[in-house]
Each structure stands twice: as structure tokens, then as C-alpha cells.
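See below for the structure under consideration.
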Amino acid sequence: MLRLISFNMDYYWACNRIGLADTGRSLEYKERTTTYHPLEMYSFWNYLAYALYSPLYIAGPIMTFNDFLWQLRRPTSIPLRSTMGYLVRFLVCILTMEFVLHFMYVVAIKDTKAWHGYSAAELSMIGFWNLIVVWLKLLIPWRFFRLWALLDGVDPPENMVRCMANNYSAQGFWRSWHRSYNLWIVRYIYIPLGGTKNVVFTTVLVFTFVALWHDLSFRLLAWGWLVSLFILPELIAQYLLPPSRFGNQWWYRHACAIGAVFNILMMMTANLVGFVIGTEGISYLLNELFSTWEGIRFLIGSCVCIFVASQVMFEYREEERRRGIVRRF
């Protein structure tokens with residue numbers, strides 16, 4: 001469905017000359033996405049080739065039609081060494097998944113709802129490791145199909161460019177999690193609806209679409225609306241405390257780390273509702289956390305640990321920038 005929309009929107013924009021015109025030189029990813037083709041290239045056969053392209057047909061990653069066709073017309077250079085390195089990383093991911101499932105029974109505990117009687121710390125660890133399993137079980141098929149496309153000479157966008165536990169920003173988390181889908185949404189929904197000019201409305205609408213795209217269920221709708229709600233504090237904080245104005249203050253990094261603590265807790269809550277234990281399970285977990293002193297002590301200790309981890313993540317991104325790696329997440 002996403003590919004069908006992409007073809008028709010790119011064709012519509014090409015007919016109206018919306019985007020960049022071809023200059024004859026090699027194109028980077030953003031240029032391949034926004035540079036339109038001659039109208040005769042938007043043919044039925046190219047439509048079928050794009051919609052039914054085998055390596056990406058089942059699970060993506062998602063490519064726009066313009067990007068796909070530019071890579072057919074002007075193949076990109078994909079070094080064999082980098083592809084073999086990608087294969088090794090893929091095999092390590094599979095072995096990691098097998099190790100976790102063999103020695104940790106958190107999925108069975110979640111599926112049978114056998115968490116009654118567990119302490120707040122045990123419940124939280126069950127939730128956390130279930131999120132790790134969700135991350136791995138999505139990462140493996142995405143890596144496999146992207147590897148297949150790379151071997152075929154097509155370079156689609158990468159999904160999950162960061163580990164699940166290496167995220168402190170709600171916005172950054174969604175940009176890096178299903179990254180190709182996020183790029184698709186930005187191009188075909190977020191920007192046409194106004195983008196940052198009407199950020200609250202577009203954010204709610206986008207995550208409602210994402211939830212319904214996954215499945216027609218109340219649990220996923222609740223997840224989409226929770227995510228929209230949890231992104232708002234970060235947007236407000238960015239507006240009130242912009243780094244351009246306060247970034248040089250000694251307290252700014254620590255204030256960001258405190259905000260990161262709440263971001264991480266809210267992101268875990270939303271994903272536990274949407275993909276792990278649902279609304280019933282999260283109600284039980286929150287009750288155990290806030291109704292006993294043991295739960296409150298564990299929550300305070302967890303917040304301190306997350307605060308320290310956020311500082312490490314800040315420094316990790318600073319090191320990326322020192323190496324010339326610039327990402328918005």
C-alpha cells in the first residue's frame with residue numbers, strides 16, 4: 001500500500017513539476033527522492049517492478065518510487081566489503097536473538113500473563129527485555145531483506161540505525177526505529193499537511209495513521225495517541241529552552257538529561273502498551289510501581305541510572321559529531 005501511494009504521489013508531483021529537475025549528475029539519497037523522472041518513466045511496467053520488487057516486497061525497508069527508479073537507471077556503487085560486513089552483522093543479530101530466547105523466558109511470561117506476584121523490579125525487567133526482543137525480531141527481517149537488496153545492487157534506507165536502549169529523544173527514537181517508514185511519512189503525509197507549521201495536528205494524525213496501518217485494534221490506537229501525547233513535552237521543552245540560546249550554560253546538559261529520563265520512561269510505557277503487555281499489563285505494572293515503597297524506591301533508583309545513561313548517550317553523540325557523523329537523533 002505504501003508503494004502504491006508513493007508511485008502515484010511521485011507521478012502527480014512529476015506531472016506538476018514539483019521537485020528537482022534532473023541535472024545529469026550522480027544523485028545522493030535526498031536528491032534521488034525529490035528529483036522527478038521524465039513522465040514516460042512512470043509506466044505501468046515500472047509501477048509493477050517497483051510494487052513487486054522481491055527483496056523488499058514482504059517487509060521493506062520502504063523506498064520511494066523515485067529513489068527506486070533512479071537506482072535502476074543509474075546504479076549506485078555498493079562495495080563488496082561493506083556488504084560482507086553487513087552480512088556478518090546480520091548473523092550476529094540472529095545469534096543474539098537465539099541467545100536471548102534460549103536463556104530468558106520473558107516472552108513466555110508475557111504471553112501467559114504469569115507476572116502476578118513479581119516485584120516491581122522483576123516486572124520492569126520483564127517489560128524491558130520484551131522490548132529488546134521486539135527490537136530484535138523486527139531488526140532481523142529488515143536486515144535480511146535489505147541485505148538481499150544490497151546483493152541485487154539496490155541500496156534502500158536502513159531501519160533501526162541505533163540500538164533500542166541508545167535513545168533518549170522521543171522524536172529521535174521514531175526517526176531511527178522504522179527509519180524508512182519515517183522518511184516515507186515525512187515526504188507523503190507530514191510535509192503535505194504542513195509539517196512544523198501545524199506540528200500538534202500533524203503529529204496526532206501521523207501516529208493515528210501509523211497505528212491503523214499496523215492493525216485495526218484499540219491497543220495500537222492507544223499506542224499512537226500515547227506517543228503523540230508523550231512527544232508534546234519534548235516539543236515544548238525545545239521551544240522554551242532552545243540549545244541556540246542556552247546550550248552554553250553549565251546546567252543545560254543536566255536539564256536535558258532530566259528530560260531524557262522522562263522521555264525514556266514514557267517511550268517504554270507507550271511501546272509496552274502497543275507491542276508487549278497492552279493496557280491491562282501496563283495498569284498492573286504501574287500499580288505495583290506506585291502502590292508500594294519497594295516500587296517507589298525501584299523507580300527512583302531507575303531514574304538515577306537512566307540519568308547517568310543519558311549523559312553517556314549525549315557524549316556518544318558528541319563523539320559522532322567529532323567524527324563528522326551528523327544525525328538528527
Side-chain angles (χ1 to χ4, degrees), residues 1-80 82-83 85-86 90 138-139 141-162 172 174-193 195 206 209-210 213 325-329:
M1 186 270 283
L2 300 181
R3 283 187 281 269
L4 304 187
I5 293 174
S6 176
F7 174 86
N8 284 280
M9 292 297 293
D10 284 355
Y11 182 34
Y12 171 80
W13 285 328
C15 290
N16 290 275
R17 297 293 187 267
I18 298 173
L20 302 175
D22 181 24
T23 59
R25 59 183 179 83
S26 60
L27 303 173
E28 298 298 327
Y29 168 74
K30 287 186 177 180
E31 295 171 320
R32 291 197 304 267
T33 300
T34 56
T35 302
Y36 53 80
H37 300 269
L39 293 183
E40 60 268 18
M41 300 304 296
Y42 295 88
S43 65
F44 179 70
W45 296 114
N46 285 337
Y47 177 66
L48 282 183
Y50 168 63
L52 303 178
Y53 181 59
S54 298
L56 306 181
Y57 180 73
I58 296 176
I62 307 299
M63 292 181 71
T64 67
F65 177 78
N66 281 351
D67 183 17
F68 175 78
L69 200 58
W70 278 122
Q71 294 200 45
L72 294 187
R73 295 178 64 191
R74 298 175 190 168
T76 57
S77 175
I78 304 174
L80 180 61
S82 67
T83 304
Y86 196 82
F90 169 68
L138 293 174
L139 178 142
W142 282 336
R143 291 282 196 274
F144 171 77
F145 290 117
R146 184 171 187 267
L147 175 63
W148 184 0
L150 289 173
L151 293 172
D152 192 43
V154 174
D155 186 6
E158 178 71 288
N159 290 329
M160 291 184 168
V161 293
R162 293 197 189 279
W174 298 118
R175 290 191 187 112
S176 65
W177 178 269
H178 196 167
R179 179 169 169 264
S180 64
Y181 187 34
N182 175 263
L183 293 171
W184 186 97
I185 285 172
V186 169
R187 174 164 172 78
Y188 298 112
I189 298 179
Y190 187 74
I191 292 177
L193 288 177
V206 160
F209 173 83
V210 171
W213 177 78
I325 303 171
V326 180
R327 289 180 174 144
R328 294 181 61 199
F329 41 80

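With hydrogens and angles disregarded, a donor-acceptor distance shorter than 3.5 Å links the side chain of W184 to the backbone of L2. Judged by distance alone, with hydrogens and angles left aside, the side-chain atoms of Y42 form a donor-acceptor pair with the main-chain N or O of H37 at under 3.5 Å.
Note: I78 CD1 to D155 CG = 5.0 Å, rounded to the nearest 0.5 Å. The structure places CG of N46 at 5.0 Å from CE of M41, a figure rounded to the nearest 0.5 Å. Note that CG of D10 is 9.5 Å distant from OG1 of T34, once rounded to the nearest 0.5 Å. If you take CD1 on I189 and CD1 on I5, they are separated by 7.0 Å, rounding to the nearest 0.5 Å. Rounding to the nearest 0.5 Å gives a distance of 11.5 Å between CG of D152 and CG of L147. For the atom pair N182 CG and R175 CZ, the distance stands at 7.0 Å (nearest 0.5 Å).
You'll find the side chain of S6 reaches within 4.5 Å of the side chain of Y50, heavy atoms only. Side-chain contact between C15 and L39: present, with at least one pair of heavy atoms (C-beta onward) separated by less than 4.5 Å. The shortest side-chain heavy-atom distance between L139 and N159 does not fall under the 4.5 Å cut-off. Under the 4.5 Å side-chain criterion, counting only non-hydrogen atoms from C-beta, L183 is in contact with Y29. Side-chain contact between W213 and M1: present, with at least one pair of heavy atoms (C-beta onward) separated by less than 4.5 Å. Under the 4.5 Å side-chain criterion, counting only non-hydrogen atoms from C-beta, W174 is not in contact with V210. Taking 4.5 Å as the limit, every side-chain heavy atom of R146 sits out of range of all side-chain heavy atoms of F90. With a 4.5 Å cut-off on side-chain heavy atoms, R3 and M63 do not count as touching.
Closest of all the heavy-atom pairs between I62 and P157 is O-CD, 3.6 Å. Nearest heavy-atom pair across N8 and L4 is ND2-O, 2.7 Å. Heavy-atom minimum distance, Y36 versus A21: OH-CB, 3.7 Å. Across F145 and L56, no two heavy atoms sit closer than the pair O-CD2, 3.9 Å. In plain terms, the two heavy atoms of W13 and P192 that are nearest each other are CZ2-CG, 4.3 Å. The shortest non-hydrogen separation linking R73 to P38 is NH1-CD, 3.4 Å.
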**Test log, rule ring pair (Phe, Tyr, Trp, His ring centres under 6.0 Å), inputs Y11 and F65** = CA-CA 9 Å; Y11 182 34; F65 177 78; 8.9 Å; no
**Item:** Verdict with supporting geometry, Y86 and R143, side-chain contact (heavy atoms from CB on, under 4.5 Å)
**Value:** CA-CA 8 Å; Y86 196 82; R143 291 282 196 274; 3.0 Å; yes
**Item:** Check against side-chain contact (heavy atoms from CB on, under 4.5 Å), N66 and T33
**Value:** CA-CA 5 Å; N66 281 351; T33 300; 5.6 Å; no
**Request:** Quick one: do L52 and Y57 satisfy side-chain contact (heavy atoms from CB on, under 4.5 Å)? Show the steps, please.
**Result:** CA-CA 6 Å; L52 303 178; Y57 180 73; 3.6 Å; yes
**Message:** With side-chain contact (heavy atoms from CB on, under 4.5 Å) as the criterion, how do W177 and L138 come out once you've worked through the C-alpha distance, each side chain's angles and the decisive distance to 0.1 Å?
**Reply:** CA-CA 10 Å; W177 178 269; L138 293 174; 3.6 Å; yes
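In Y12, the OH atom is not crowded: 12 or fewer heavy atoms of neighbouring residues, nucleotides or ligands sit closer than 6.0 Å. Within 6.0 Å of CD in E28 there are 12 or fewer heavy atoms belonging to other residues, nucleotides or ligands.
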